[in-house]
Number of protein chains: 2
Amino acid sequence: MTNRLEDLLSTLQAAATLEDLQAVLESLRDHYKVEHTVYHWVNSVGERYGAGTYSAEWVDRYLEKDYLRMDPVIFGCFQRFTPVSWKELDWSSKAAREMWQDALDHGLGNQGYTIPIRGPNGQFALFTLNASLSDEDWAQFIDDNARDLMILGHEFNKKALEFEQWGEDGSTPALSPRELASMSCLARGMSRAQAAAELNISEHTLRVYIESSRHKLGAMNTTHAVARALSAGIIII
Amino acid sequence: MTNRLEDLLSTLQAAATLEDLQAVLESLRDHYKVEHTVYHWVNSVGERYGAGTYSAEWVDRYLEKDYLRMDPVIFGCFQRFTPVSWKELDWSSKAAREMWQDALDHGLGNQGYTIPIRGPNGQFALFTLNASLSDEDWAQFIDDNARDLMILGHEFNKKALEFEQWGEDGSTPALSPRELASMSCLARGMSRAQAAAELNISEHTLRVYIESSRHKLGAMNTTHAVARALSAGIIII
DNA sequence: CGCGACCTCGCTATTTATGGGGAGTTTTAT
DNA sequence: ATAAAACTCCCCATAAATAGCGAGGTCGCG
C-alpha cells in the first residue's frame with residue numbers, strides 16, 4: 001500500500017505543468033478504481049481553477065446553474081475541518097436535491113469523499129473522490145485510504161500552488177508598525193476616536209495611517225483595507 | 001515506521017481528557033527524541049489554548065513578553081500553507097532575534113518544525129517539534145517524518161476539537177445568504193451604494209442586512225463585522 | 001549631507017455611514 | 001398549518017469617515 005502511495009507521490013512531485021496534474025488525477029482515478037477524482041480551488045470572487053475527470057458537460061452545467069453557490073459539498077466542507085463523505089452532508093434543501101439528481105444524470109457515482117484543504121489568504125481547495133459503491137463498501141474504502149488521501153490532497157494542493165500565484169501578485173505591501181497597529185485596532189472594532197486613544201495619538205494622525213495603509217493596500221476604503229490586511233495575514237484579530 | 005505511527009495514532013484516539021493529550025505530546029517527544037512537542041490553537045476571537053512540553057517558565061515569559069505578537073513562527077505559519085522549518089523564517093527583526101535568544105536560554109532547541117493546521121470558523125492551530133540537532137540532521141529528520149507528522153498534527157487537532165472545552169462559543173452565528181453577500185461585497189471594497197447595485201437591492205435594504213449581520217456577529221461597526229466574518233471564514237475576499 | 005520614510009499635529013468641506021422609527025411579501029421550518 | 005425567519009422597501013436626523021489643503025520633527029541610508 002505504502003509503495004503505491006510513494007509511487008503516486010513521486011508522479012505528483014514530477015509534475016511540471018497543469019496537464020501533468022490532470023494526468024495525475026486520472027491515474028489516481030484508475031488506481032483507486034473510482035469514477036472520478038477532482039481537485040478544485042474555490043474563492044468567492046469566481047476566480048477558480050479546477051482539474052479532474054468530470055465530463056465537460058457536467059462542468060459546464062455546474063457553472064451554468066451556479067451550483068457553486070448551493071453545493072452542500074462546498075458549503076459543508078467550508079464549515080468543517082475534517083474530510084467528509086457526501087452522504088453525511090445536509091441535502092435537505094430542495095435545490096441541493098435537484099442538483100444531486102442532476103449530478104447522477106451526468107455520470108457521477110453515488111458516493112463521494114471530499115477533503116477540505118485550507119491555506120493562507122483564505123485559500124481553500126477541495127480534493128474529491130467520487131465512486132459507485134454500496135454504503136458499506138464505501139465506508140471500508142474510506143477507512144482504508146483516508147490517510148493516504150489526505151497526504152495526496154495536501155501534496156496536490158501544494159503542487160497546484162507552485163504553478164500559479166493564486167494569491168494574486170503575492171507581494172503583500174509592508175505596512176509600518178503604526179499602520180499595522182491602526183489596522184489592528186480597526187479590525188477589533190474600534191472607532192477612529194477609540195483607536196487614536198488606544199495608540200495615544202491624535203485622531204488626525206491616525207487618519208494619516210489609515211490613509212497610507214489604504215493606499216499601500218490598494219483599498220477603496222477602510223473596511224476594504226482591513227479586509228485585505230486580514231486576508232494577507234499581516235494582522236490578526 | 002508505519003507501525004510506530006499506528007501506535008501513536010491509537011494512543012491519540014484513546015485520549016479522553018486534556019491531560020491525555022498532554023501525555024500524548026510527551027510520548028511524541030520521547031518517541032521522536034526531540035526537545036519539545038507543542039500544540040497550540042487560536043480561535044477567531046483570539047483566545048488561545050496551548051499544550052506541550054515547554055517549561056512553565058518559558059510559557060509564562062512568552063505570555064508576559066507578548067511574544068505572540070512578534071513570533072515569526074506564528075506570523076510565518078499564518079501566511080503559509082505548508083509546514084515550515086524555523087530557520088526558513090524571517091528572523092531579521094531585532095525583536096525576533098531577541099526572542100530567539102530568550103527561547104534558547106529557556107531550554108528550547110535550535111531547530112523547530114511547525115505545521116499550520118486550518119479549520120472552519122477561522123480555526124488555526126500549530127503543531128510544533130523542537131529539537132537540538134545540526135542543520136543536516138534536522139533536514140534528514142524532517143525528510144523522514146514530514147508525512148507522519150502531518151497526519152499526527154491533523155489527528156491531534158481533530159481530537160482537540162472534539163473536546164471543545166475551549167471553543168464552545170466558537171459557534172459562529174449563521175448569517176443568511178443575503179447577509180453573507182453583503183459582507184462579501186463590503187469586504188471587496190464596495191461602498192454601500194455599489195454593493196446595493198451589485199445585489200440589485202435598494203441601499204436601504206442593504207443597510208438592513210449590514211445591521212443584522214453586525215448584531216449577529218456582535219460587531220461594533222461595519223469594519224468590525226467584516227473583519228469577524230473574514231476571521232470566522234464565513235466569507236472569502 | 002540630503003533623501004526618503006516614518007511619526008506627529010491642525011483646519012474645512014463634503015460624502016458616507018449609522019441609528020431610530022415602520023410595514024409589507026415570500027420562503028423556510030416545525 | 002402556522003410561526004419564524006428572511007427579504008424587500010421608505011423617511012429623518014446625527015455621527016463618522018473621506019478628501020483636500022497644510023506643517024514640522026526624527027531616523028536611517030547611501
Side-chain angles (χ1 to χ4, degrees), chain A residues 69-70 72 75 90-99 172-229 234-235, chain B residues 92-95 97 171-229 234-235:
Chain A
R69 301 253 165 230
M70 67 179 76
F75 237 70
D90 173 27
W91 295 92
S92 63
S93 95
K94 193 181 157 197
R97 281 195 308 273
E98 283 175 1
M99 178 195 140
T172 308
L175 299 191
S176 76
R178 288 308 239 180
E179 288 164 346
L180 285 174
S182 303
M183 291 291 104
S184 180
C185 288
L186 296 176
R188 281 174 290 166
M190 297 181 201
S191 69
R192 280 180 173 183
Q194 290 173 317
E198 169 81 12
L199 300 175
N200 287 311
I201 54 179
S202 75
E203 193 174 331
H204 179 272
T205 303
L206 178 76
R207 264 176 47 196
V208 175
Y209 296 144
I210 299 173
E211 286 290 291
S212 54
S213 300
R214 269 199 17 232
H215 289 134
K216 285 182 180 177
L217 293 165
M220 306 296 292
N221 52 46
T222 301
T223 298
H224 194 198
V226 170
R228 289 201 154 177
I234 58 178
I235 60 168
Chain B
S92 62
S93 94
K94 193 182 157 197
R97 282 194 307 272
S171 55
T172 308
L175 299 192
S176 75
R178 288 307 241 180
E179 288 164 345
L180 285 175
S182 303
M183 289 291 104
S184 180
C185 288
L186 296 177
R188 281 173 289 161
M190 298 181 200
S191 70
R192 298 213 295 205
Q194 290 172 317
E198 169 81 13
L199 300 175
N200 287 309
I201 54 178
S202 75
E203 191 174 333
H204 179 271
T205 302
L206 179 76
R207 265 177 51 194
V208 175
Y209 295 143
I210 299 173
E211 286 290 290
S212 54
S213 300
R214 271 199 15 234
H215 288 133
K216 285 182 180 177
L217 293 165
M220 306 295 290
N221 52 46
T222 301
T223 298
H224 194 199
V226 170
R228 288 202 155 178
I234 58 178
I235 61 169

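Side-chain atoms are counted along with the backbone in the values below, which use heavy atoms only and exclude waters and symmetry mates. Naming: A, B, ... by sequence-line order, numbering from 1 per chain.
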Note to self: Nearest whole Å is fine: how far is dA17(C) P from His224(B) NE2?
What the structure shows: 19 Å

Margin query: Just the rounded figure in Å: distance from P of dT26(D) to CD1 of Ile201(A).
Written below: 18 Å

Next item on the list: For Ser191(A) and for Val208(A), locate the closest nucleotide of DNA chain D by heavy-atom distance; then report the residue assigned to the nucleotide nearer the 5' terminus.
Entry: Ser191(A)

Notebook entry, point to check: Is Ser212(B) touching bases, backbone alone, or none of the nucleic acid, heavy atoms closer than 4.0 Å?
Noted result: nothing

Next item on the list: May I ask you to decide if Arg207(A)'s main-chain N or O and Arg192(A)'s side chain share a donor-acceptor pair within less than 3.5 Å?
Entry: no

Item checked: Length of the line joining Leu180(B):CG and dA6(D):P, which is rounded to integer Å -> 11 Å

Notebook entry, point to check: Do Glu179(B) and Ser212(B) get their side chains close enough for a donor-acceptor pair, meaning under 3.5 Å?
Noted result: yes

Margin query: Restricting to non-hydrogen atoms, name the atom on Ala227(A) and the atom on Ala187(B) that form the minimum distance, rounded to 0.1 Å.
Written below: CB-O, 3.5 Å

Notebook entry, point to check: Has Lys216(B) got a side-chain N or O lying under 4.0 Å from the OP1 or OP2 atom of dA5(D)?
Noted result: no

Note to self: Without decimals, in angstroms, what is the distance between Arg192(A) CZ and dA17(C) P?
What the structure shows: 13 Å

Next item on the list: Could you check how far CG of Asn221(B) sits from P of dT16(C), rounded to whole Å?
Entry: 18 Å

Next item on the list: Using the closest heavy atom to pick a nucleotide of DNA chain D for each, name whichever of Ser202(B) or Thr223(A) lands nearer the 5' end.
Entry: Ser202(B)

Note to self: Does any part of the side chain of Arg178(A), heavy atoms only, come nearer than 4.5 Å to the side chain of Thr205(A), both counted from C-beta?
What the structure shows: no

Margin query: Rounded to whole Å, please give me the gap between CG in Leu206(B) and P in dA6(D).
Written below: 16 Å

Margin query: Does a side-chain N or O of Tyr209(A) approach OP1 or OP2 of dT8(C) to a distance below 4.0 Å, or not?
Written below: yes

Next item on the list: Pick base, sugar-phosphate or nothing for Ser176(B), based on heavy-atom distances below 4.0 Å to the nucleic acid.
Entry: sugar-phosphate

Margin query: Quick check on dA17(C): is either OP1 or OP2 less than 4.0 Å from any side-chain nitrogen or oxygen of Arg214(B)?
Written below: no

Pull out every protein N or O sitting under 3.5 Å from an N or O of nucleotides 13-15 of chain C, one pair per line with the distance.
none

Notebook entry, point to check: Roughly, in whole Å, what's the span from CG in Leu175(A) to P in dA5(C)?
Noted result: 15 Å

Item checked: Ile210(B) and Met183(B), any side-chain heavy atoms less than 4.5 Å apart -> yes

Next item on the list: May I ask you to test the Ile234(A)-Leu180(A) pair for a side-chain heavy-atom distance under 4.5 Å?
Entry: yes

Notebook entry, point to check: For the pair made of CG in Leu199(B) and C1' in dC9(D), what is the distance, rounded to whole Å?
Noted result: 15 Å

Next item on the list: Please round to the nearest 0.5 Å and tell me the distance separating atom NE2 of His224(A) and atom OG of Ser213(A).
Entry: 13.5 Å

